[in-house]
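Shown next, in C-alpha cells, is the structure this report addresses.
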Amino acid sequence: MPSCPTLPASRQLADQLGVQSEELCAPDTLPSLLEAVRTVPDPRAPHLVTHPLPMLLGLVACALLCGVRSVRGVIRWAHGQGAGILAALDVADGDPARLPVATTLTRTLARVDADALDTAVGAFV
C-alpha cells in the first residue's frame, strides 16, 4: 500500500473525517464516501465518460472538507494529494496524471442531479 501523504490538506481531511492521517489509505475509510456517491445518477452520455462520476464527486467532497471553494481549487487540491488518497478515491493507479481538468469537472457538476447528490452526501455524513 502506498504511503500516506503528510500534506496539511490531508491532515485537515483526516481531522474532518475523524481519522488519523495514516488511516486515509486504509481501504475501508473513503470507500464509504464513494459508495454513497455511486447512487447519484450519471447524467453524461456513456460514450463521453472518461472519468467515473463517483471519483469526480469524491474529489469534490474531500476538497470541500479541506476548505476548497472553487473547481480549479479542487483540481489543485487533488494534484497535491499522495497516491494513497488518490487511489482511495478511485483515481486510476493513484496517478495525478489521470485527474480531470477543471472544465471536465465544471461541465459534469453542472449536469449532476443536485437533489440526488445532496441525499447521497447526507447519507455519508
Checklist entry - Which residue pairs pass the side chain to side chain donor-acceptor pair (under 3.5 Å) test when at least one of the two sits in residues 82-93, sequence neighbours left out? => result R38-D90

Checklist entry - Quick one: side chain to side chain donor-acceptor pair (under 3.5 Å) pairs with a partner in residues 41-67, sequence neighbours left out? => result D42-R44

Item to check | Contacts of type side chain to side chain contact (heavy atoms under 4.5 Å, CB included), residue D113, not counting sequence neighbours | outcome: D115, A116

Checklist entry - side chain to side chain donor-acceptor pair (under 3.5 Å) with R98: which residues, sequence neighbours excluded? => result none

Checklist entry - Just by distance, do the side chain of T39 and the backbone of A36 share a donor-acceptor pair under 3.5 Å? => result yes

Can you give the donor-acceptor pairs under 3.5 Å from side chains of residues 54-76 to other protein atoms, not counting sequence neighbours?
from : atom 1 : to  : atom 2 : distance (Å)
R69  : NH1    : L64 : O      : 3.4
S70  : OG     : G73 : N      : 2.9

Checklist entry - Taking the side chain as C-beta and beyond, is there a heavy-atom pair between L53 and P43 under 4.5 Å? => result yes

Checklist entry - Roughly how far, to the nearest 0.5 Å, is the CG atom of L86 from the CG atom of D95? => result 8.5 Å

Checklist outcome for this item: For residues 46-68, the salt bridge (charged side-chain N to carboxylate O under 4.0 Å, His left out) pairs (sequence neighbours left out) are none

